[in-house]
Amino acid sequence: MTWNSFPSYLYKQKNFIVIRTQNLKRVFSTDEVETIALEQVNIEIKEGEFVAIMGPSGCGKSTLLNILGLLDYPSEGNYYFMKTDVTNYPERKKALLRKSHIGFVFQNFNLIEELTIYENIELPLIYLDIDNKERRHKVEAIMEEMRITHRRNNFPSQLSGGQQQKVAVARAVVAQPRLILADEPTGNLDSTNGEEVMNLLSRLNNSGTTIVMVTHSQRDAEYSRRILHLFDGKIVTENIRQPFYL
């Protein structure tokens, strides 16, 4: 059994909506000023899509991604994850959904320096209480897929930026999440390493994983099937690059 052979039943429903937001609004307030980060955001993302979110700095891209990842909450409106309204979920239930269904890829990698590459990738499986034999199988399989097996005993500081991001992608997908959220995944990489990471994400999407990616890069956005453009907290345009089929 290889890493790519995990059960595909989750990806058979063409119209299954993983993410839906309804009139989403996010306001950040201080004593002196109120900033509207998101305003009336309505989106639907289906199982197996690859969606890029683009827009200028400060337009609300990362705020939207944090809400979709249950790391933040809307001030108004509703967020439905897998057809369940999770808007007012307590933190404990949000944490359970995150670790069970969502993988994160960050611009700054966010690897734990004190852990080896193997241990960084293994961590989500430990949180899920997966037994040692299955953990070892999953970690070995994803390291082979990412071609980083030879780095298993290294620490993050011993790797290049491109290698660290491959480890971050491996950690994000090792638990076979339903959804991957990527925030500027190539932002700190050169063009060669950036292209390799985008090819990895594209292969994951082709195998059925739903991906939502925030990016400034038009080149990276070309890997997606749909592009949402944000401006001043609102979705102003949507570009469907090709028909979406599974």
Heavy atoms of other groups near Asn88 CG, more than 12 under 6.0 Å: no
Quick one: do Glu39 and Arg26 make a salt bridge, cutoff under 4.0 Å? no
Is it true that a side-chain atom of Tyr79 and a backbone atom of Pro74 form a donor plus acceptor pair closer than 3.5 Å? no
Of all the heavy-atom pairs spanning Asn120 and Ile112, show the shortest one and how long it is. OD1-N, 2.8 Å
For Asn23 and Asn78, run side chain to side chain donor-acceptor pair (under 3.5 Å): C-alpha distance rounded to whole Å, both residues' side-chain angles, the deciding distance at 0.1 Å, then the answer. CA-CA 7 Å; Asn23 298 325; Asn78 297 86; over 6 Å; no
Can you find a heavy atom in the side chain of Asn108 that is under 4.5 Å from one in the side chain of Asn188? yes
Quick check: are there more than 12 heavy atoms from other residues, nucleotides or ligands sitting under 6.0 Å from OH of Tyr73? no
Donor-acceptor pair, Lys25 side chain versus Ser75 backbone, under 3.5 Å? no
Residue pairs meeting ring pair (Phe, Tyr, Trp, His ring centres under 6.0 Å), one or both in residues 101-123, sequence neighbours left out, come to Phe104-Phe106
Can you confirm whether Pro156 sits close enough to Gln163 that some side-chain heavy atom of one is under 4.5 Å from a side-chain heavy atom of the other? no
Sub-3.5 Å donor-acceptor pair from the side chain of Glu195 to the main-chain atoms of Thr192, do we have one? no
Can you check whether Ser29 reaches Val27 side chain to side chain, under 4.5 Å on heavy atoms? yes
Test of understanding: clusters of I, L, V, M, F, W, Y form through side-chain heavy atoms closer than 4.5 Å, transitively. Do Ile227 and Ile235 belong to the same one? no
For Glu222 and Gln218 the tightest heavy-atom approach is OE2-NE2, 2.7 Å
Approximate separation, where rounding is to 0.5 Å, of Leu179 CG and Thr210 OG1: 6.0 Å
Electrostatic pair Arg98-Glu91, nearest N-O below 4.0 angstrom: yes
Given side chains that start at C-beta, do those of Leu230 and Val41 come closer than 4.5 Å, heavy atoms only? no
Using modelled atom types and a 3.5 Å cut-off, is there a donor and acceptor pairing between side-chain atoms of Asn42 and backbone atoms of Leu24? no
Are Asn199 and Tyr223 close enough that some pair of their side-chain heavy atoms sits under 4.5 Å apart? yes
Ion pair Arg136/Glu140, N-O distance below 4.0 Å: no
Applying the side chain to side chain contact (heavy atoms under 4.5 Å, CB included) test to Ile121, which of Leu115, Thr116, Val139 qualifies? Val139
Can a cation-pi geometry be assigned to Lys93 and Tyr89, taking NZ or CZ under 6.0 Å from the six-membered ring centre and within 45° of the ring axis? yes
Tell me the closest heavy-atom pair linking Leu38 and Ile36, and the distance in Å. O-CG2, 3.4 Å
Which atoms form the tightest heavy-atom contact between Pro177 and Gly103, and what is the distance? CB-N, 3.7 Å
Value for CD (Glu113) from CZ (Phe155), rounded to nearest 0.5 Å, stands at 9.5 Å
CZ (Phe28) with more than 12 external heavy atoms under 6.0 Å: yes
Check the pair Met198 / Thr186 against side chain to side chain contact (heavy atoms under 4.5 Å, CB included), numbers first and verdict last. CA-CA 8 Å; Met198 290 308 304; Thr186 68; 3.8 Å; yes
Indicate yes or no: at least one non-hydrogen side-chain atom of Leu181 is less than 4.5 angstrom from one of Ile102. yes
Can any side-chain N or O of Gln165 pair as donor or acceptor with the backbone N or O of Pro185 at less than 3.5 Å? yes
Can a salt bridge be assigned to the pair Arg203 and Glu145 using a cut-off of 4.0 Å between side-chain N and carboxylate O? yes
Look at the side chain of Ser100 and the backbone N and O of Leu97, then say whether any donor-acceptor pair between them is shorter than 3.5 Å. no
So which atom in Glu44 and which in Glu49 form the shortest heavy-atom distance, rounded to 0.1 Å? O-OE1, 4.1 Å
Which residues satisfy the salt bridge (Lys or Arg N to Asp or Glu O under 4.0 Å) test with Glu122, sequence neighbours excluded? Arg135
Sidechain-backbone polar pair: Ser224 side chain, Val51 backbone, donor-acceptor under 3.5 Å: no
Under a single-linkage definition using a 4.5 Å side-chain heavy-atom cutoff for Ile, Leu, Val, Met, Phe, Trp and Tyr, are Leu68 and Leu71 assigned to the same hydrophobic cluster? yes
Going by atom types alone, do Arg171 and Asn110 pair a side-chain donor with an acceptor below 3.5 Å? no
Met54 with Val214, same ILVMFWY side-chain cluster at under 4.5 Å: no
How would you list, by chain and number, every residue that makes a side chain to side chain donor-acceptor pair (under 3.5 Å) with Asp190, sequence neighbours excluded? Asn193
Could you walk me through whether Asp183 and Lys61 pass side chain to side chain contact (heavy atoms under 4.5 Å, CB included), step by step? CA-CA 9 Å; Asp183 193 356; Lys61 301 187 301 298; over 6 Å; no
Is the NZ atom of Lys94 crowded by more than 12 outside heavy atoms at less than 6.0 Å? yes
Within-4.5 Å side-chain heavy-atom neighbours: Phe16 and Val18: yes
Joint hydrophobic cluster, Ile130 plus Val173, side-chain heavy atoms closer than 4.5 Å: yes
Chi angles and distances behind the side chain to side chain contact (heavy atoms under 4.5 Å, CB included) call for Arg20, Phe81: CA-CA 7 Å; Arg20 181 166 72 91; Phe81 181 66; over 6 Å; no
Enter the distance from Asn239:CG to Arg226:CZ here, rounded to the nearest 0.5 Å. 10.5 Å
Polar side-chain atom of Lys138 near backbone of Gln176 as donor-acceptor pair, under 3.5 Å: no
Rounded to the nearest 0.5 Å, what separation is found between the CG atom of Asp220 and the OG atom of Ser202? 11.5 Å
Please determine whether side chain to side chain contact (heavy atoms under 4.5 Å, CB included) holds for the pair Asn205 and Ile180, giving the CA-CA distance in whole Å, both sets of side-chain angles, and the decisive distance to 0.1 Å. CA-CA 9 Å; Asn205 178 246; Ile180 292 178; over 6 Å; no
Could you check whether any side-chain heavy atom of Met213 comes within less than 4.5 Å of a side-chain heavy atom of Leu65, counting everything from C-beta outward? no
Nearest heavy-atom pair of His216 and Ser57: which atoms, and what distance? NE2-OG, 3.4 Å
Value for OG1 (Thr149) from CE (Met143), rounded to nearest 0.5 Å, stands at 5.0 Å
Can any side-chain N or O of Lys99 pair as donor or acceptor with the backbone N or O of Tyr127 at less than 3.5 Å? yes
Same apolar cluster (I L V M F W Y, side chains within < 4.5 Å links), Leu70/Ile17: no
Report yes or no: do His229 and Glu238 form a side-chain donor-acceptor pair below 3.5 Å? no
Distance check, rounded to the nearest 0.5 Å: Thr21 atom OG1 versus Ile45 atom CD1? 8.0 Å
Taking CD in Glu144 as the centre, count heavy atoms belonging to other residues, nucleotides or ligands within less than 6.0 Å. Is the count above 12? no
For the backbone of Ala37 and the side chain of Thr35, can you confirm whether one donor and one acceptor N or O come within less than 3.5 Å of each other? no
If you measure from the Lys or Arg side-chain nitrogens to the Asp or Glu carboxylate oxygens, is any gap between Glu196 and Arg147 under 4.0 Å? yes
